[in-house]
Protein chains: 2
Amino acid sequence: MGEIYVNNLNKGISVDCVIFGFDLERLNVLLIQREPLNQDDLSDLALPGDLIYNDENFDSASNRVLKELTGLENIFLEQVGAFGDINRLSKPHDRAWLQSVRDQPNVRVITVAYYSLVNQNSFHPIPSKFAKSITWKPVNEIESLAFDHLDILQAALQKLKNKLQTQPIGFNLLPEKFTLSELHKLYEAIIGKELDKRNFRRKMLKLELVTKLNEKQSGVAHKPSNYYSFNLENYEKLQAEGYNNFGF
Amino acid sequence: MGEIYVNNLNKGISVDCVIFGFDLERLNVLLIQREPLNQDDLSDLALPGDLIYNDENFDSASNRVLKELTGLENIFLEQVGAFGDINRLSKPHDRAWLQSVRDQPNVRVITVAYYSLVNQNSFHPIPSKFAKSITWKPVNEIESLAFDHLDILQAALQKLKNKLQTQPIGFNLLPEKFTLSELHKLYEAIIGKELDKRNFRRKMLKLELVTKLNEKQSGVAHKPSNYYSFNLENYEKLQAEGYNNFGF
DNA sequence: GCAAAAGTGTTAACTGTACACCCATGA
DNA sequence: TCATGGGTGTACAGTTAACACTTTTGC
């Protein structure tokens, strides 16, 4: 137990980012690979995160981590909460890893978690000081993660689900142009249950959250779908009216 | 900047508690009075909070603060989030106060906020090491608080409002026996707008969240109101069915 | 022509909302 | 007897939920 302010790093506080992406099929999360202690060890996957600097706000720190990994800025990012259980770093496996990368591996570190929504196909993750390698993993298939990161992921997912009922934040996960089917699948992937196609479309269109573009899919072996874009003005109008029933 | 682990206190992390109470009229919050630097200085009011111990979880720390102030245990308590802006302790006024009570007043302290719902009339706040004196203040009348505590209060209130739409947590603010009017006023106080009496009652009764007791008010100069109690079994049944439309 | 996904309407049940009068009590 | 808050029902509007067939394209 020593100085915690060295190189201006605050060695007692980190941020971790739950970065959600959508591949038009499933909801994914960006995970980094630690140096594995042995092979086939899923628990070596972790959320990207970093100690914060002592003159840095949480928001800045989470934006920094996000930017270093993805190159993206000004992306939807919201705090999930603080995670600081005294045993959060004490799995033997995690301890060994900390010994190898931290100069004070025994200091208690609490973390402030953020979640973020990005358009998975518009960029390529950039390996950085947080991560030797990076992968997208379907949220449903994740059974264990390093540290308490599974708890954090679950809390973030719950927060995302709740938020989606009152704010149409899902558009952050899609490209500028998207089809209603893509949006529909996105909602199903986040909420985790099937939604009636006709009812979904009717509500989306009635709220006028999307604008129909003069452009269709091409090269698909079925009736081509129309492209839409998110209608920010109408969203803000609804917001201003206090409307908050964006749920399905 | 020195050791942060002295006496097992973690001098970089605190918890602050937003303790809501309801006096059958308004929604209040429990505030502590710092030693004022000058008179009539509202900003001397603060949320109760304390540095955490290094072997203590956030939940335990917030329960400890709550218990020391109120004597209450096993009370509704939920995390609001982490607050750690680098300027959160830097108002001159706050700095002077910290100089007088902290042995390392210049260390960056981040705080994890919790909010809690208590039955305001069932206990008397206990002055403690956090607080020379304690007062209930109506939430609506609070215009400034020490540190970033106004931000924390507002975040907690927002969280309470949101939660009330999906979970009937308001009962935590009432005594075991209450009238439907009291419950009605409570919802209005939290949500901040008037609710139709008949519609409110109809929904509450239909959900069977309350059980009618064989007991009425007495000594009131109007038709006495029936007492009700919270029906936990029915609530749990609704929960199990995934019902979550408890909003008004 | 066939497989694959897009696109489209109607009905019934339910939920939310607006609204006004009589009742029981203490003073 | 009056002032006070308790307690009650109905009708309309809006929302949700269930459900099946035709269209357009590439192969």
Side-chain angles (χ1 to χ4, degrees), chain A residues 23-26 164-166 168 174 177-189 191-229 238 241-248, chain B residues 23-26 164-166 168 174 177-189 191-229 238 241-248:
Chain A
D23 57 11
L24 305 186
E25 193 62 39
R26 288 183 294 189
L164 196 68
Q165 300 301 311
T166 52
L174 290 174
K177 297 173 192 176
F178 50 84
T179 69
L180 289 185
S181 293
E182 288 164 356
L183 185 59
H184 181 201
K185 273 192 220 134
L186 170 60
Y187 270 75
E188 290 185 331
I191 296 172
K193 66 180 187 195
E194 291 202 350
L195 299 170
D196 182 86
K197 181 168 58 164
R198 282 173 286 192
N199 294 337
F200 177 83
R201 288 169 161 253
R202 185 181 306 111
K203 181 159 182 179
M204 255 321 149
L205 293 170
K206 196 196 56 182
L207 295 177
E208 301 183 272
L209 283 174
V210 290
T211 305
K212 189 171 187 169
L213 304 177
N214 283 324
E215 193 179 345
K216 295 188 179 193
Q217 282 181 318
S218 63
V220 290
H222 55 78
K223 181 170 175 177
S225 184
N226 219 299
Y227 282 112
Y228 288 79
S229 65
L238 287 167
E241 293 164 7
Y243 187 88
N244 69 348
N245 180 10
F246 297 101
F248 286 90
Chain B
D23 57 11
L24 305 186
E25 194 63 37
R26 289 183 294 190
L164 197 67
Q165 301 301 313
T166 51
L174 290 173
K177 295 173 192 175
F178 50 85
T179 70
L180 289 185
S181 293
E182 288 164 357
L183 186 59
H184 181 200
K185 274 192 218 130
L186 170 61
Y187 269 75
E188 291 186 331
I191 296 171
K193 68 179 188 196
E194 292 202 350
L195 299 170
D196 183 87
K197 182 167 58 160
R198 281 173 286 192
N199 295 337
F200 178 83
R201 288 168 161 255
R202 185 184 304 113
K203 180 158 180 177
M204 254 321 150
L205 292 170
K206 196 195 57 180
L207 295 177
E208 300 183 274
L209 282 174
V210 290
T211 306
K212 191 172 188 170
L213 304 176
N214 283 325
E215 194 178 345
K216 295 187 178 192
Q217 281 181 318
S218 62
V220 289
H222 54 77
K223 180 170 173 177
S225 183
N226 218 299
Y227 281 114
Y228 287 79
S229 65
L238 287 168
E241 293 164 8
Y243 188 87
N244 69 348
N245 179 9
F246 296 101
F248 284 91

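Letters go in sequence order (proteins before strands), and every chain restarts at 1. Keep in mind it's a predicted model, so treat the numbers as computed, not measured.
The aromatic rings of A/Tyr187 and A/Phe248 sit perpendicular, their planes meeting at an angle over 60°, well past the 30° parallel limit.
Following rounding to the nearest Å, B/Glu188 (CD) and D/dG5 (C1') show an atom-to-atom distance of 14 Å. Atom CZ in B/Phe246 sits about 17 Å away from atom C1' in C/dG16, given to the nearest Å. In this structure, the CD atom of B/Gln217 is 11 Å from the P atom of C/dT25, given to the nearest Å. The CG atom of A/Leu180 sits 10 Å away from the C1' atom of C/dA6 (whole-angstrom rounding). Here the P atom of nucleotide D/dT8 and the NE2 atom of B/His184 are 15 Å apart, to the nearest Å. The OH atom of A/Tyr227 sits 13 Å away from the C1' atom of C/dA6 (whole-angstrom rounding). Distance, B/Phe200 CZ to D/dG9 C1': 19 Å, rounded to whole Å. Distance A/Asn226 CG to C/dA6 P: 12 Å, rounded to the nearest Å.
A/Glu182 places no side-chain N or O within 3.5 Å of a backbone atom of A/Leu24 that could act as its donor or acceptor partner. No donor-acceptor distance shorter than 3.5 angstrom exists from the side chain of B/His184 to the backbone of B/Arg201, with no hydrogens or angles considered.
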Any protein N or O atoms within reach of nucleotides 15-22 of chain D? Criterion: under 3.5 Å, listing atom names and distances.
from	atom 1	to	atom 2	distance (Å)
D/dT16	OP1	A/Lys203	NZ	3.3
D/dT16	OP1	A/Asn245	ND2	3.2
D/dA17	N7	A/Asn199	ND2	3.4
D/dA18	N7	A/Asn199	ND2	3.1
D/dA18	N6	A/Asn199	OD1	3.1
D/dC19	N3	A/Arg198	NH2	3.4
D/dC19	N4	A/Asp196	OD2	3.4
D/dC19	N4	A/Arg198	NE	3.3
D/dA20	N1	A/Arg198	NH1	3.2

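Rotation axes derived from the C1' atoms of the five outermost pairs at either end of the helix from C/dG1-D/dC27 to C/dA27-D/dT1 lie 0° apart, to the nearest 10°.
Residue A/Ser225 has a polar side-chain atom (N or O) positioned under 4.0 Å from OP1 or OP2 of C/dG7. In terms of phosphate contacts, A/Ser181 brings no side-chain nitrogen or oxygen within less than 4.0 Å of OP1 or OP2 of C/dA5. OP1 and OP2 of C/dT25 both lie 4.0 Å or more from every side-chain N or O belonging to B/Ser218.
When each of B/Lys216 and A/Tyr228 is assigned the nucleotide of DNA chain C with its nearest heavy atom, A/Tyr228 is the one assigned upstream, toward the 5' end.
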